[in-house]
2 protein chains.
Amino acid sequence: MGIFVKEFLKTKGFKMTPQRELIFRSFFEMGEHVSVDELYDKVRQEDSSVGYATVWRNLKLICKVGLAEEVNIGDGITRYDRVTRVPHGHLFCTSCKTVTEITVEQLVGLLSQTAKTRGFVPESFKIEVQGVCKECRGAAGEKDKSGASAGG
Amino acid sequence: MGIFVKEFLKTKGFKMTPQRELIFRSFFEMGEHVSVDELYDKVRQEDSSVGYATVWRNLKLICKVGLAEEVNIGDGITRYDRVTRVPHGHLFCTSCKTVTEITVEQLVGLLSQTAKTRGFVPESFKIEVQGVCKECRGAAGEKDKSGASAGG
DNA sequence: CACTAAATGAAAACGATTTTCATTTTCAAA
DNA sequence: TTTGAAAATGAAAATCGTTTTCATTTAGTG
């Protein structure tokens with residue numbers, strides 16, 4: 001973390017603060033699928049004066065600069081994943097609600113030879129691809145609407 | 001729609017009402033990725049006395065009986081897709097926010113020979129598989145927590 | 001027709017997210 | 001080191017999609 005992220009943010013016009021440092025570090029110490037509340041709890045173990053909005057804003061910032069992205073599993077809570085640049089999928093158990101990560105290779109195996117390796121019985125799946133469509137590439141220059149961009 | 005769905009619902013203990021008939025019919029007349037608000041608007045074009053909660057409850061019911069499932073693209077709005085039993089993916093343009101459907105075959109083509117067929121430049125993607133994990137299949141009997149079950 | 005359970009509509013409650021605003025802090029420039 | 005503008009913070013309130021409540025109406029069985 002430290003100096004690298006600080007310089008990285010500086011080049012984008014953002015300033016470094018103790019809270020931000022703590023929030024960023026905490027986020028990257030955690031696993032995947034981190035919710036705002038979870039990060040908030042962890043951050044406050046170290047500094048209980050940090051506000052919820054600050055944690056939330058910095059989580060958004062982490063996404064904005066492309067270091068993480070939102071994941072939505074349908075339970076109404078937005079979670080955040082580090083951008084690993086290694087495509088992977090998630091196994092959501094519809095019973096116990098756990099989330100397990102698998103690689104695309106594992107996914108292919110999972111779907112083709114059901115329940116062999118992982119004992120996970122797939123019921124349905126979704127594939128979502130983020131990107132820019134032909135029209136938008138043609139138009140060029142509509143990008144600054146929400147600021148955030150999905151890394152990948 | 002008509003009599004088939006009515007009988008189908010009856011066997012599950014649900015009653016048919018004019019509102020329900022209208023809501024179900026409207027939903028299946030619409031495309032995919034339908035939000036509550038969109039369905040509400042369409043329903044009220046035909047009967048403006050139907051309440052929002054009724055539309056919402058019936059959309060949930062459609063999911064509950066396995067005719068549709070929730071889709072979450074990360075904009076905070078839950079959308080609903082008919083269950084087609086044909087696995088497919090979604091292309092989300094990060095610029096204009098449009099959603100395009102593609103088959104898994106098209107997806108593979110898309111990812112391997114970028115931007116050839118559709119002109120869509122993929123930036124990242126997510127794969128989500130709904131199912132039941134080994135532990136839960138072993139445990140057996142925790143299923144009636146939320147009622148709804150993903151079809152597929 | 002009569003009865004019971006389900007369904008409805010309006011409004012309120014809920015809860016995660018997002019914004020507001022007064023204050024504090026960072027950081028580049030003087 | 002001091003200064004000033006822009007950014008960041010914390011607390012609280014606002015927002016907004018979702019869900020529940022409740023009194024009333026309706027569907028479907030007998």
Side-chain angles (χ1 to χ4, degrees), chain A residues 2-3 5-24 26 33-41 43-44 46-65 68 70-80 145-148, chain B residues 2-3 5-24 26 33-41 43-44 46-65 68 70-80 145-148:
Chain A
I3 195 65
V5 169
K6 180 172 178 178
E7 291 307 315
F8 175 63
L9 288 177
K10 204 183 288 185
T11 65
K12 303 216 172 199
F14 301 109
K15 295 171 179 175
M16 183 50 71
T17 66
Q19 294 94 331
R20 175 159 295 166
E21 153 75 24
L22 171 57
I23 293 167
F24 271 60
S26 297
H33 330 305
V34 177
S35 68
V36 182
D37 285 8
E38 288 164 356
L39 182 55
Y40 176 68
D41 287 345
V43 163
R44 284 177 70 98
E46 207 160 315
D47 179 354
S48 64
S49 71
V50 179
Y52 186 91
T54 300
V55 173
W56 178 81
R57 279 185 289 237
N58 275 287
L59 210 28
K60 285 287 183 182
L61 179 62
I62 292 173
C63 291
K64 196 170 198 170
V65 299
E70 299 189 348
V71 177
N72 225 305
I73 70 174
D75 63 354
I77 297 174
T78 304
R79 292 162 204 286
Y80 298 81
K145 280 176 180 168
S146 68
Chain B
I3 194 65
V5 169
K6 180 173 178 178
E7 291 305 316
F8 175 64
L9 288 177
K10 203 183 289 185
T11 65
K12 304 217 170 197
F14 301 109
K15 296 172 179 175
M16 183 48 72
T17 66
Q19 294 94 331
R20 175 160 294 167
E21 154 73 26
L22 171 57
I23 293 168
F24 271 59
S26 296
H33 330 305
V34 177
S35 68
V36 182
D37 285 8
E38 287 165 356
L39 181 56
Y40 175 68
D41 287 346
V43 163
R44 284 177 70 98
E46 207 160 314
D47 179 353
S48 64
S49 70
V50 179
Y52 186 90
T54 299
V55 172
W56 178 81
R57 279 185 289 236
N58 275 287
L59 210 28
K60 286 286 182 181
L61 179 62
I62 292 173
C63 291
K64 197 170 197 169
V65 299
E70 299 190 346
V71 177
N72 225 306
I73 71 174
D75 63 354
I77 297 173
T78 304
R79 294 162 203 286
Y80 298 82
K145 279 176 179 167
S146 68

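Keep in mind it's a predicted model, so treat the numbers as computed, not measured. Order of the sequence lines fixes the chain letters, A, B, ..., with proteins taken first and strands second; residue numbering starts at 1 for each chain.
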Round to the nearest Å and state the distance from Glu38(A) atom CD to dT17(C) atom P. 11 Å

Base of dA7(D), side chain of Lys15(A) - is there a donor-acceptor contact under 3.5 Å? no

List the steps, then state whether side chain to side chain contact (heavy atoms under 4.5 Å, CB included) holds for Lys60(A) with Tyr80(A). CA-CA 9 Å; Lys60(A) 285 287 183 182; Tyr80(A) 298 81; 3.9 Å; yes

Spacing of Leu61(B) atom CG relative to dA7(C) atom P, expressed in whole Å: 7 Å

Partners meeting side-chain contact (heavy atoms from CB on, under 4.5 Å) with Asp41(B) (sequence neighbours left out): none

The contact string for nucleotides 9-21 of chain D, one letter per nucleotide 5' to 3', using protein heavy atoms under 4.0 Å with B, S and - for base, sugar-phosphate only and none, comes out as BBB-----SBBBB

Taking atom C1' of dA7(C) as reference, at what distance in whole Å does atom CZ of Phe24(B) sit? 12 Å

Per side-chain contact (heavy atoms from CB on, under 4.5 Å), Trp56(B) is matched among Asp37(B), Leu61(B), Val36(B) by Val36(B)

If I take atom CD1 in residue Ile62(A) and atom P in nucleotide dA8(D), what distance separates them, rounded to the nearest angstrom? 13 Å

Side chain to side chain contact (heavy atoms under 4.5 Å, CB included) between Glu38(B) and His33(B): does it pass, once the steps are laid out? CA-CA 10 Å; Glu38(B) 287 165 356; His33(B) 330 305; over 6 Å; no

Please determine whether side chain to side chain contact (heavy atoms under 4.5 Å, CB included) holds for the pair Ile23(A) and Leu59(A), giving the CA-CA distance in whole Å, both sets of side-chain angles, and the decisive distance to 0.1 Å. CA-CA 8 Å; Ile23(A) 293 167; Leu59(A) 210 28; 5.9 Å; no

Could you please spell out the steps behind the side chain to side chain contact (heavy atoms under 4.5 Å, CB included) verdict for Leu9(B) and Phe24(B)? CA-CA 11 Å; Leu9(B) 288 177; Phe24(B) 271 59; 4.0 Å; yes

